Amino acid sequence: MSTHRIPARWRLADHTISREDLAALADWLGSDPWLAQGKLVADLERRWSERIGVRGSVMVNSGSSANLAALVAAGRAKPGRLRVGAPAVTWATTISPALLLGHEVVLFDVDRTTLGIDSAAACAAMERGEIDVLFVVHLLGLNALTPDLVATAARHGVILLEDCCEAAGTRFAGAHVGTAGLAGTFSFYFGHHVATVEGGMVSSDDPEVLDGLRLLRSHGLARESEHFDRFAADHPDVDPRFLFMVPGLNLRSTDLNALLGLRQLDRLDGTIRRRNANLAHFLRVLPPYLWRDYATEGASSFTLPLIAEDADGARRARSAAERLGIEARPIVAGNLLAQPFVRTSDRVRAAAPTPVADHVHRHGFYIGNGPHVTAEMLDALGAALG
Ligand SMILES: Cc1ncc(COP(=O)(O)O)c(C=O)c1O
């Protein structure tokens, strides 16, 4: 075992924001710029949309806000109490917007090769008319879409949303994830492929969805809308500058954050290549007592999963990581069915037992990937795992 080759700490995440980014930010601040949401946010939205191939994107202040906004958009398209399907293994804020909005959540087991929603089970539920909105999650940057999921959702009028908060750069059938359904959401939090300190994006091909998202993001104000002239004409008794069309929030980000995002967009392809090379190397050094059969086609690796076949393997892997001083954590939030906010809710149910999600919860953890992880570190990990 060669612990000496592991740097002091193999962190879960490292700065995606470089010293050069910070210097550029300081220069820009020195030019006395507009700091709130302005031209740079609009630039980042335009470049993000071009990159992933959608009509438009709306920058918000986090991936969680993006998920909330996407679900509000789904609710406008399909009013009433919705049954929102989602995978059991994901981050809490994939489903908490549904609970906050008064909807129901149906959790599905996950597929062991993608760690995404079990496609056959979700399709069967859509066929039976049990789901109104399907929130697919591309966990750890592994594509979770299948041709069946997309076709079945379309056939049964199920609104497809994609949580791509861990999946900037992931592709399905040649297209960027986040473009297959009504909306795709992204997180620009620390350690993600693009980091703007805090930040997120909602992307969509639907002009009315985009318009609604801009209103929601900024207090519900008419002046955010393409239909401003009509709204103003329809409501002559209200000052059009302060005309509130829909219940809104303030989900805005700032030009300060967008400047960091724009600089990282220039490096994103390199970032993805590096993370994917690390994932490939990682899977080569893993011993057979850990899962290695992930569907990596189209992936944009976020972090590195260690999921053991059994409790002994999990103990062995955890102690190897510990010996090497590698930071580890549960696979995202583990099986959400174990989380108190789910257990205490009468609006969340499991579609069926979730044996794979339970297994991931019990026997899995993840470690960091990113530019701070080198081939040498991965080799040392492989040796320690035995
Ligand atoms: C799958 C998933 N969805 C949503 C989020 C929320 O993003 P944020 O932390 O920017 O709110 C995260 C956070 O990492 C996530 O992993």
Side-chain angles (χ1 to χ4, degrees), residues 11-14 16-17 44 48 57-72 74 84-100 105 107-108 110-111 114-117 133-145 161-170 177-178 181 183-203 217 249-254 257-258 260-261 264 275 299-305 327 329-336 339 341-342 357 360-361 364-370:
R11 289 182 292 267
L12 278 172
D14 212 346
T16 318
I17 299 168
L44 183 59
W48 188 257
S57 298
V58 176
M59 187 179 183
V60 291
N61 51 21
S62 74
S64 304
S65 298
N67 283 348
L68 171 70
L71 201 58
V72 170
V84 180
V89 179
T90 181
W91 189 240
T93 59
T94 305
I95 66 160
S96 45
L99 297 177
L100 290 168
V105 174
L107 292 176
F108 290 86
V110 296
D111 181 294
T114 65
L115 304 180
I117 197 161
V133 174
L134 190 69
F135 222 138
V136 170
V137 182
H138 304 287
L139 209 79
L140 309 191
L142 299 171
N143 164 57
L145 282 177
L161 300 177
E162 290 175 81
D163 179 334
C164 316
C165 285
E166 304 183 356
T170 301
V177 296
T185 62
F186 298 86
S187 167
F188 299 150
Y189 181 58
F190 179 80
H192 287 239
H193 297 83
V194 172
T196 58
V197 186
E198 294 279 5
M201 197 70 97
V202 194
S203 298
R217 171 176 70 176
L249 291 163
N250 180 353
L251 303 177
R252 290 186 304 243
S253 184
T254 73
N257 302 88
L260 294 169
Q264 287 171 55
R275 286 181 186 243
S300 172
S301 176
F302 178 54
T303 55
L304 305 171
E327 259 188 292
R329 56 164 280 177
I331 308 272
V332 191
N335 187 345
L336 289 183
Q339 296 289 354
F341 85 105
V342 168
V360 168
H361 187 91
F365 63 96
Y366 82 51
I367 62 174
N369 189 8

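Quantities reported herein were computed from a predicted structural model and do not represent experimental measurements. Start at 1 and go down the list; that is how both ligands and their atoms are numbered.
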Listed by chain and number, what are the salt bridge (Lys or Arg N to Asp or Glu O under 4.0 Å) partners of Arg275, not counting sequence neighbours? none
Distance-only N or O hit between ligand 1 and Gly63, under 3.5 Å: yes
Would you mind running through ligand 1 and noting each atom that sits below 4.0 Å from a heavy atom of Thr93? 4 (C), 5 (C), 6 (C)
Should the proximity of Leu139 to ligand 1, defined as any heavy atom under 4.0 Å, be assigned to the side chain, the backbone, both, or neither? neither
Side chain to side chain contact (heavy atoms under 4.5 Å, CB included) with Val194: which of Trp48, Phe186, Tyr189? Trp48
Atom 16 (O) of ligand 1 [closest protein heavy-atom partner, distance rounded to 0.1 Å]: Glu166 OE2, 2.5 Å
Below 4.0 angstrom from a heavy atom of Cys165, which ligand 1 atoms are there? Numbered from 1 as shown, please. 2 (C), 3 (N), 4 (C), 5 (C), 12 (C), 15 (C)
For Ser187, atoms of ligand 1 separated by under 4.0 Å from a heavy atom: 7 (O), 8 (P), 10 (O)
With heavy-atom distances below 4.5 Å as the criterion, would you say the side chains of Leu68 and Leu249 are in contact? yes
What heavy-atom pair brings Phe341 and Leu336 nearest, and what distance separates the two atoms? CE2-CD2, 4.3 Å
Measure from the side-chain N and O atoms of His192 to the backbone N and O of Phe302, and report whether any donor-acceptor pair falls under 3.5 Å. no
Does any N or O of ligand 1 fall below 3.5 Å from an N or O anywhere on Thr90, backbone included? no
Tell me the closest heavy-atom pair linking Gly169 and Ser300, and the distance in Å. C-CB, 3.5 Å
With His138 as reference, evaluate Leu115, Thr90, Leu145, Asp163 under the side chain to side chain contact (heavy atoms under 4.5 Å, CB included) test and give the passing residue. Leu145
Heavy-atom proximity to atom 6 (C) of ligand 1, picking from Ser64, Gly200, Ala167, points to Ser64
Could you tell me whether Asp163 and ligand 1 have an N or O pair separated by under 3.5 Å? yes
Numbering the atoms of ligand 1 from 1, which are under 4.0 Å from a heavy atom of Ser62? 10 (O), 11 (O)
Which heavy atom of the protein is the closest neighbour of atom 12 (C) of ligand 1, given with residue, atom name and distance? Trp91 CD1, 3.6 Å
Decide yes or no on side-chain hydrogen bond (donor to acceptor under 3.5 Å, both in side chains) for Ser96 and Thr93, but give the supporting numbers first. CA-CA 5 Å; Ser96 45; Thr93 59; 5.1 Å; no
Under 4.0 Å, counting heavy atoms only: does His192 come that close to any atom of ligand 1? yes
